Amino acid sequence: MELDVTVLTEQLDTLWMLVAAVLVFFMQAGFAMVEAGFTRAKNASNIIMKNLMDFAIGSFLFFVVGYGMMYGKDIAGLIGGSQFIMPSDAPVAILFQTVFCATAATIVSGAMAERTKFVSYVIYSAVISAIIYPIAGHWLWGGGWLYQLGMIDFAGSTLVHSVGGWAALVGAAMLGPRIGKYKADGTPNAIPGHNITIGALGVFILWFGWFGFNPGSTLALDVSIGHIAMTTNLSAALGAITVMTISWVKYGKPDVSMTLNGALGGLVAITAGCASVSMWGAIAIGVIAGFVIVFGVEFVERKLKIDDPVGAISVHGLCGVAGTLSVGLFATAEVGELTGMGQINGLFYGGGFGQLAVQAIGVVSYMAWTLATAFILFKIIKSTIGLRVSKEEEIMGLDLGEHGTEGYADFVLKM
Amino acid sequence: MELDVTVLTEQLDTLWMLVAAVLVFFMQAGFAMVEAGFTRAKNASNIIMKNLMDFAIGSFLFFVVGYGMMYGKDIAGLIGGSQFIMPSDAPVAILFQTVFCATAATIVSGAMAERTKFVSYVIYSAVISAIIYPIAGHWLWGGGWLYQLGMIDFAGSTLVHSVGGWAALVGAAMLGPRIGKYKADGTPNAIPGHNITIGALGVFILWFGWFGFNPGSTLALDVSIGHIAMTTNLSAALGAITVMTISWVKYGKPDVSMTLNGALGGLVAITAGCASVSMWGAIAIGVIAGFVIVFGVEFVERKLKIDDPVGAISVHGLCGVAGTLSVGLFATAEVGELTGMGQINGLFYGGGFGQLAVQAIGVVSYMAWTLATAFILFKIIKSTIGLRVSKEEEIMGLDLGEHGTEGYADFVLKM
Amino acid sequence: MELDVTVLTEQLDTLWMLVAAVLVFFMQAGFAMVEAGFTRAKNASNIIMKNLMDFAIGSFLFFVVGYGMMYGKDIAGLIGGSQFIMPSDAPVAILFQTVFCATAATIVSGAMAERTKFVSYVIYSAVISAIIYPIAGHWLWGGGWLYQLGMIDFAGSTLVHSVGGWAALVGAAMLGPRIGKYKADGTPNAIPGHNITIGALGVFILWFGWFGFNPGSTLALDVSIGHIAMTTNLSAALGAITVMTISWVKYGKPDVSMTLNGALGGLVAITAGCASVSMWGAIAIGVIAGFVIVFGVEFVERKLKIDDPVGAISVHGLCGVAGTLSVGLFATAEVGELTGMGQINGLFYGGGFGQLAVQAIGVVSYMAWTLATAFILFKIIKSTIGLRVSKEEEIMGLDLGEHGTEGYADFVLKM
Amino acid sequence: MKKIEMIIRPEMMETVKEIVENVGAGGMTVSSVMGCGAQKGRKEVYRGTEMTINLLHKLKIEVVVVDSMADSLVDAISKGIRTGQVGDGKMFIIPIEDAVRVRTGEKGDIAL
Amino acid sequence: MKKIEMIIRPEMMETVKEIVENVGAGGMTVSSVMGCGAQKGRKEVYRGTEMTINLLHKLKIEVVVVDSMADSLVDAISKGIRTGQVGDGKMFIIPIEDAVRVRTGEKGDIAL
Amino acid sequence: MKKIEMIIRPEMMETVKEIVENVGAGGMTVSSVMGCGAQKGRKEVYRGTEMTINLLHKLKIEVVVVDSMADSLVDAISKGIRTGQVGDGKMFIIPIEDAVRVRTGEKGDIAL
Ligand SMILES: Nc1ncnc2c1ncn2[C@@H]1O[C@H](COP(=O)(O)OP(=O)(O)O)[C@@H](O)[C@H]1O
Ligand SMILES: Nc1ncnc2c1ncn2[C@@H]1O[C@H](COP(=O)(O)OP(=O)(O)O)[C@@H](O)[C@H]1O
Ligand SMILES: Nc1ncnc2c1ncn2[C@@H]1O[C@H](COP(=O)(O)OP(=O)(O)O)[C@@H](O)[C@H]1O
């Protein structure tokens, strides 16, 4: 038997990309469980349905138009302009990018949970999958202007997570808080999630899937996937430990759902730099993410007065920013060489402010793009078909209101 | 270091087969969650137990006798006749086939849920795993007469899913509907599932596992797994979108549990042709599956008056048929060449009715075989130990009746 | 393109190790679900939190000190003495060992469920991950004295599972039974788990993850992973079948939660010998595990009067012992050659008592080590900050008591 | 006014509902309860340990009616859901002093 | 003593609680119930099959008060939770013979 | 006939059950409720936001007995489940006009 090295390489890369894509696909289940678990029982079916349709609609539209805008022939560094309808790249590459796109889209559903009209959500979801995310994606991963500038966002702390997080922020702000979330004097009420077990399962599933998300972003089989998986894991672990510790000190008891958020925050934050930082860099980034989560959740809830039932803005938006900037601090040439990210040192490794500045430009650009486009999108939806269900429906629950069903038909519920 | 290409190939194939088998294994969890979630709380433990024993008993019997009947030395194109007790093929191949066998077996448990005696189910499960499925399997994948005829059923739309679906039809029909399913005038009552969240998790798990089910059916590492994974994903997505749309138009609101069925229907339907059709072929097949689901569920419930709590007959039986026939319509030589399925064009690609006819023969043969054997099997069980629990037990729930336990001991239930 | 065989091998091994590590990681979700499902609703968040922190703290400490103690330069066959703070081995190897360490640690949380102070559990968890398990690990996998003696414990029936099981035994014994577990006359009361569905999901996840746990312990890509996966699966299947049968005969109905334990028992038991025994050896070991589960659970509950809510002591401790000893009975040179375990025959294959004796030494040594260190550890915790929550808190539930939250805020609970 | 409070088998819910509607009562309230009476529960084995499940799942249905309607409702239900087996349930008739319809503030029989 | 038993919309819980506290009642007991009355439920379609959800989720709140307090409590609540839409709920006033505070063994009005 | 309605700590369930059986009452009905009284609930912090859990989990147990049995049952329970701490619960004695055993149609004391 003879060996064709090109074929072998292609096979191996396909295998690894497929395995990674499948792991990332499974994150959809993780998002569904986290978002359902952290909200109320009367809206569980609706959340499930939003997550399912996110992925289904996104899969279709990203294939038909999104992929082309993201990876098609570059036009002025801003948008791709080929590969529509029937993209010609390797199917496994399209699949891998599809599951990433769906991740960005689905982040929003948690922040807008328990009060958004289903039809409005479906429209939002279609637009972000087909247009907002792919264009953003082109700038960096499609070889656009941010790529040329040298921004490092390995697996998308900013591109995937912050984009989702900023869209979530706009959506949740425009919707307004759930009935009962704020007292007359503006102080928040707690609205506990209905199923912490299933929410925690969701977090474990997301963590599991992240081992495809980050290491898979090598886009080819490479020994550096080991390093990337380790930095990913350490940051998540430290995110959880940090939040547990802060909440314990600050509130008197270790908060379960926030600690779960902490693990996710650590994962989001390391996503940009997983291939650029050392293990101890990852540990530091996890700790930073932990602080961002606790103070971010409080800030969004108390200062911005935005009602984000699952903490999506803090987890994806703020930790995404923190992680992307951290690359400018913790990147080390030693790791960059190993993983092929190049000889880049961050501020703390003697590389000066250069990379940090580039990172900041990227962060701000994506924030501006997403806030602007999401604002226009949600504004149009709001002033046409409307964003929010009626007060009666919100009280009754969206499961019955939007879908005529109950999530837990056999159980006696308190409310 | 020197490279032995044969060893390398064997290693790579083993790796891929194992990864795929493990993904397919996990579908057992998916089935358990879908079936438990879509039925009532008082029967949840019983369903879990049926799914667990399906797999456990099937693993054992398929190893001891099933594998030999399926892949042993061919006897007249009808049955395999070697490799019993201690099959000599590569263990990973046996494992991969085992998890497929368990899939066929477990489909039935959902359709027969909430009223079947546990002991009777165990007997059914043993017979389908040891005899009915392996013989059917031999005809096609074991190199038997349908293989020789040229039937294309890449990963088993018909062989695995329809076989399961037809057995489910016979079982559910012979059992009769659950108490309260039909009004005196024969119109159906809705009996909602008790946990849509967990049912949806099951669907995501199944979708996840299907990335092993279909791409793994290459039985070797090959770049075509990328194409196969993409067609699989697109069909599932379109199945869900289609059902959501139809149910929205037809019933006024997008139906959650049916849309979840829609994704599964798309997966079942693409299973036969995933390596033969283009992306747009897959999209078409997903849409077809969506229609089959909605009208299939209604047809089974209203015309056949068969009570199938989870929609297994429509999802696996009808979509399996639709998908297998679709190969005769959408197969394209371009894809077939890439994936090694050969230069076969379906009707819509100028290949005429040839392949369609072969597909139809396959579909009908498997339907006949399964209806007949399942009928005999269930008839014997019914007239000896009985199929159905007592009325009292059915009302009380099978968890207490069959296992002396409760699925949700700490929760107050409505019924 | 030229092929560098060393690079290729490294890539393949990294790929396989990463996939396996990720599967084993997911077992954390499995443990969390099993333990939460098999205990009461009022303690679900607490269990989740313990499992999460197990992994998070363990990941950090094992990286910083544990790995070095386990795999650092050997000191007298007893402990490793290098690679601290920033281990230099391949990251994927460290990750793989991390997830194993976390498995050993997390076993204990189930046995000590529903009454342990969270802070005390965190301390225990840190110590086992940083010290008790790594030192134990060095003896065998780190090349220490038991390795030199020739003990076979391929993936850790004893090293991982029994170590966890014995620590669980000490912890549960020192805590005492949950309020209401025993009648005044010492006979036990049943305290049913609150969610069998989620518990069963946990078992399926664990089974799924075990396909990384056992085959991954080759530590390199090798065709023997197929054999190992098959023995693993058969033993689990027979464990479940055996327990179902015994419980059916003994108690009148097939017990669901015990049968689920049976599958886990089969998995634990085959872990030592999965690369040394034939398929029928695996079947025998599964049957043995089934017996150990039923009689083990009864023994622990009725004779030892130790309250182990999820059966961890039997599943991990006793089945770990049974499986490790079984290697001395069922190991066969034929398989050993294939998998690289060497030409070792157990007692039943004409190898005499030699290997059995070595296995017994290993079993006893690990038992002694763990009982002693866990005893000291728990004793110190008990006499300083205390092990157990107050009676009031135990009655109210640890979710509210330890974390100020409820696991199921929207559901009406019975108790 | 009287409240008829019945503890019934869960599967009799629909029957009771029809009777209540037929009799012309203005409404009903249902709760999920556990009960024991002559029907003494069952012994099961959980993980090898015997456990007595002596509180069985029942539904409690409360219907408040005007005095004149009470007897016929009680009789209709008593006949309608009788199986003759233990566990058929019980009804208790409780005096009600007054009723208020919140929507209108109406009191007395008219509020029912 | 009288027991005021109210069937209310779940979202009115907080309002009722405040009123009960303001009026000075000693405590209250809440249960999750299903009810139907003038508010007749809704039709939904589940998997293509029409289903009538005619038992709606309500809360039952029980407050036992001394005789003198009953009327003012009833009035306060009746006004406090009125929306004027069907489904506002009902209140039933039930005579109570005696009450016991278990902690002290006290009986009568002082036990409330 | 009288109904003894008690709101108890969930963990006292078994004790109450034994007393009810010993006293010779014909049955009992249990529901899961939430209550507040002298025991005012607890403050917890959820995701950084303070929340007051002021409805605590309680069990409501209803036992209908013949008049003569009421006092002794009340006393036995009151003593049996007293811990002396707030939250011990309350009992309310409610007059019952009649009872019906559905299985037989029997009414009056014999139906209990
Ligand atoms: N004395 C009682 N007080 C309160 N509830 C009772 C009483 N007797 C019976 N019940 C309730 O009625 C239900 C049915 O009573 P049961 O004695 O089983 O009926 P039957 O008399 O037909 O055998 C019981 O489960 C319990 O909930
Ligand atoms: N006659 C009755 N007996 C018992 N419960 C009743 C009765 N009438 C109403 N209810 C309870 O009160 C709730 C509200 O009653 P409803 O008739 O909807 O209010 P409204 O009179 O404002 O329309 C019902 O859901 C039911 O639980
Ligand atoms: N006036 C009342 N009306 C209705 N239920 C009450 C009343 N007072 C107390 N309860 C119920 O009794 C339970 C126990 O009362 P609590 O005041 O805590 O007991 P204690 O008097 O021993 O402190 C409360 O949670 C509540 O459910």
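We name chains A, B, ... by the order of the sequence lines, and we start the count at 1 in each one. Here the structure is a predicted model, which means the values were calculated and not measured.
For chain B, the nearby part of A/E402 is the backbone; its heavy atoms alone come within less than 4.5 Å. Contacts of A/T405 with chain B are made by side-chain atoms alone, with heavy-atom separations under 4.5 Å and no backbone atom involved. Contacts of A/F411 with chain B are made by both backbone and side-chain atoms, with heavy-atom separations under 4.5 Å. At a 4.5 Å heavy-atom cutoff, the contact between B/I205 and chain A is made by backbone and side-chain atoms alike. Using a 4.5 Å cut-off between heavy atoms, A/I47 makes no contact with chain B at all. With a 4.5 angstrom heavy-atom cutoff, B/W207 touches chain A via backbone and side-chain atoms both. Looking at B/D255, only its backbone comes within 4.5 Å of chain A, counting heavy atoms on both sides. For B/L238, the part sitting under 4.5 Å from any heavy atom of chain A is the side chain, from C-beta outward, and nothing else.
Taking all atoms of both residues into account, the shortest heavy-atom contact from B/C274 to B/F154 is SG-CD2, 3.4 Å.
Under the 6.0 Å cut-off for aromatic ring centres, B/F330 and B/W280 do not qualify, their centroids lying 6.0 Å or more apart. The distance between the ring centers of A/F118 and A/H403 falls below 6.0 angstrom. Residues A/F204 and A/F208 place their aromatic rings such that the two centres sit no closer than 6.0 Å. Ring centroids of A/Y408 and A/H194 are separated by less than 6.0 Å, placing the two rings close together.
For B/D399 (side chain) and B/G407 (main-chain N/O), a donor-acceptor pair under 3.5 Å exists by modelled atom type.
A side-chain N or O of A/D54 and one of A/T106 form a donor-acceptor pair less than 3.5 Å apart.
Taking chain A as the reference chain and counting heavy-atom pairs below 4.5 Å, the highest number among B/D4, B/L234, B/L260 is found for B/L234. Interface remark: of the candidates A/V64, A/L12, A/L15, A/L15 forms the most heavy-atom pairs closer than 4.5 Å to chain B. Of the residues considered (A/A44, A/S45, A/A41), A/S45 shows the highest number of contacts with chain B, using heavy-atom pairs under 4.5 Å. For the set B/A263, B/G199, B/P254, B/A237, the count of heavy-atom pairs under 4.5 angstrom toward chain A peaks at B/P254.
Residues B/R178 and B/E114 are paired through a salt bridge, judged by an N-O separation under 4.0 Å between the basic side chain and the carboxylate. Look at A/K42 and A/E393 and you find no salt bridge, because none of the NZ, NE, NH1 or NH2 atoms lies under 4.0 Å from a carboxylate O.
Proximity of A/S129 to A/F60: side-chain heavy atoms (C-beta onward) are nowhere separated by under 4.5 Å.
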Exercise answer: donor-acceptor pairs, residues 84-95 of chain A side-chain atoms, under 3.5 Å, sequence neighbours excluded:
unit_1	atom_1	unit_2	atom_2	d
A/S88	OG	A/Q83	OE1	3.4
A/D89	OD1	A/Q83	NE2	2.8
A/D89	OD2	A/Y67	OH	2.5
A/D89	OD2	A/Q83	NE2	3.3

Kindly indicate, with the supporting measurements, whether the criterion salt bridge (charged side-chain N to carboxylate O under 4.0 Å, His left out) is fulfilled by B/E394 and B/R40. CA-CA 11 Å; B/E394 189 177 337; B/R40 284 169 293 180; 5.1 Å; no
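Using non-hydrogen atoms only and a strict 4.5 Å limit, the part of residues 18-36 of chain B facing chain A consists of B/V19, B/L23, B/F26.
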